[in-house]
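Not measured: the values here are computed from a predicted model.
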Amino acid sequence: MSLPKEPRQKMINMMYLVLTAMLALNVSAEILNAFKVVNNSLQTSNDGLTVENSAIMQDIAAKAAANESKEKALIWQPRAQKAASYSKELYDYIEDLKDKLKREAGYNPEKGDTTYKIDDLDAPIRLLGSESGGQGKGEELHQKLIKFKTDMLGINPEIEKEFATKLPLNLDKPKSEEGNGDLSWSDSYFHMTPAIASLTILGKFQNDVKNSENDVVTFCQNQIGAVKVRFDKTGVIAGASASYVMPGDKLSIYAGVGAFSSASHPTITINGQTIDVDGNGKATKDIVAGGSGTQTVKIGGSFKNQDGVSVPINETLTYVVGTPSGVAVSADKMNVLYIMGSTPNPLTISGGAGSEKINATLTGGELKHIQGSAFEAFPKTPGEQSINVTIDGKTTSKKFRVKYLPDPLAFVGSKKGGPMSSAEFKAIGGLITRLENSEFEAPFKVISYKLGAIGGGISQYATAVNEGNRWNGSAEAIIKRATPGTQVFFDEIRVVGPDGRPREITPIFFTLK
């Protein structure tokens, strides 16, 4: 399964994987209900993709009707239409399979039966299975998915090159702890799978199809957007090399015609002086900043537009000449620097000179100039460190406290302890950590933790050590046994932050309901 960009879709796919694994243990009402939640989320996502893909196709059609983009659009529109057609054909086929599956499980609206048995294990086998007399629709689906992927990549060599390894459609057999090497593709997905779970799996394939369509039609749209068109408007451009300077600093003023068209035959004046125009239609004049406060530069001249009509130029640029002052160094987020590996601490460094004259260093770390007065600090040693700013040979120092990041807190989903429904807890599948009330987005990775549980379906206190953030192995087995009333404890939680330093954080516990 490919990983889509949207966080909501990532969560849907994660829940799908977790819930599929749960089927190997037990088909409880909670698990069936959780599949209903995922199935509804997939449908919502599919509806959203349908709307988005339709909007993209409408934009491509508009570009095909516009003179400035018609030539390129008429090349890529048929390719986008093919992708949309392939997607609709397969999506509708799967939608029909979903209807047939519900009917196999008791759905018959013509006779007033508007519900179906969501826990029916035989309906998927009868319709989709390839063994025991099944209709074999699962293998038919498999072949259609293969053909869809081949057709999409075969639309155009550029599309094949772009998506040969990243089209969001995985056709491998799902892996199973019990092993499924002897099962067909369809039986690996649908054998002894409740009706609601099979519908969710079919919805997942519809989602893969819609995402594939979205990727391809967006690619086609972008190719049209890259077309070079004739400019239908011509305008004036004028600017300065800086908007804030100090007395004696040099300031470059440039002015010209939009698109730098040589056919415009521009003449440019800066402060009344005619300036030669270079091959790109740009005139440049260096002036020395004087006085202080807001200063103005007058741009004049003329150019011919694309209809051959002479158009006058009358622009005014402003810049500010500052008054020399002392060096200022400030942390943008808080008056302390944190050791965060490759994650930067943003700083502002200014002084009585332009940014190009400022040379700044950090003791016990590195300092990087971004642009203007913006810098980034990467401290490596805790304690008191200095930022040394040198301007015209004179050095000024400012001391900062350097600390390690505070410990993050552990979460299951959005909660850091307390009551949580058993179905939600099991569906989430692991621990995450994050800093609370912090100005920084500093990721921490869970190395390991000790999981314990008692109560509900667990009569004696059970423990397991888990590696990584997702519970697996013995820890996962304990979670599967948990029922409403079970208390689950997480302690000895070891994490590592962007500074690369392992640490143990505060334990948490939950009561399942």
Side-chain angles (χ1 to χ4, degrees), residues 2 4-6 46 48-92 147-169 208-239 254-268 277-283 301-313:
S2 67
K5 299 176 183 178
E6 294 296 327
N46 291 342
L49 283 167
T50 299
V51 173
E52 181 179 347
N53 292 345
S54 177
I56 293 172
M57 294 302 296
Q58 290 175 15
D59 179 68
I60 292 174
K63 286 182 168 63
N67 290 332
E68 63 269 22
S69 55
K70 178 185 294 186
E71 181 179 354
K72 199 70 174 285
L74 290 178
I75 295 174
W76 286 97
Q77 185 183 32
R79 297 166 183 174
Q81 289 171 335
K82 277 189 178 181
S85 174
Y86 294 151
S87 172
K88 184 180 187 306
E89 180 181 357
L90 184 52
Y91 188 95
D92 290 347
K147 184 177 185 300
F148 170 78
K149 188 171 184 178
T150 301
D151 288 344
M152 291 291 271
L153 295 177
I155 291 174
N156 172 260
E158 292 178 59
I159 292 174
E160 181 177 18
K161 181 180 179 181
E162 179 69 17
F163 298 105
T165 59
K166 58 181 181 181
L167 198 69
L169 182 62
D208 289 349
V209 169
K210 283 292 182 184
N211 273 304
S212 298
E213 177 192 357
N214 183 266
D215 282 1
V216 173
V217 297
T218 299
F219 178 81
C220 294
Q221 182 190 41
N222 291 339
Q223 304 315 300
I224 299 170
V227 64
K228 295 180 180 179
V229 300
R230 178 181 182 271
F231 290 100
D232 57 2
K233 292 183 180 180
T234 311
V236 178
I237 64 164
Y254 61 86
V257 176
F260 300 112
S261 173
S262 59
S264 296
H265 302 294
T267 59
I268 304 294
V277 178
D278 65 18
N280 289 323
K282 184 172 66 174
S302 65
F303 65 92
K304 290 184 178 180
N305 65 16
Q306 296 189 80
D307 296 319
V309 178
S310 181
V311 179
I313 298 171

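- Ion pair E158/K161 not flagged as a salt bridge, since none of the NZ, NE, NH1 or NH2 atoms sits closer than 4.0 Å to an Asp/Glu carboxylate oxygen.
- Within the 4.5 Å cutoff, the side chain of S54 has heavy atoms near those of the Q58 side chain.
- Checked against I60 for a side-chain contact (heavy atoms from CB on, under 4.5 Å), the options Q223, Q221, Q81 give a single hit: Q221.
- Atom-to-atom distance recorded for I224:CD1 and K63:NZ is 6.5 Å, nearest 0.5 angstrom.
- The backbone N or O of D208 lies less than 3.5 Å from a partner atom in the side chain of S212, making a donor-acceptor pair.
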task: Might you work through the side chain to side chain contact (heavy atoms under 4.5 Å, CB included) test for K88 and Y91, ending with a clear yes or no?
output: CA-CA 5 Å; K88 184 180 187 306; Y91 188 95; 5.6 Å; no

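- In this structure, I159 and L153 approach most closely via the heavy-atom pair O-CD2, 4.4 Å.
- The only option from V209, V216, D151 that meets the side-chain contact (heavy atoms from CB on, under 4.5 Å) definition with Y86 turns out to be D151.
- Checked against side-chain contact (heavy atoms from CB on, under 4.5 Å), A66 has the following partners two or more places apart in sequence or in another chain: E68, S69.
- Taken to the nearest 0.5 Å, the CG atom of D59 stands 8.5 Å off from the CD1 atom of I56.
- Expressed to the nearest 0.5 Å, how far CG of L167 lies from CG of D215 amounts to 7.0 Å.
- A83 approaches E213 most closely through the heavy-atom pair O-CG, 4.2 Å.
- Interatomic distance, F163 CZ to L169 CG, rounded to the nearest 0.5 Å: 13.0 Å.
- Of all heavy-atom pairs spanning K210 and S87, the tightest one is CD-OG, 4.3 Å.
- Across every non-hydrogen atom of Q77 and A64, the tightest pair is OE1-CB, 3.6 Å.
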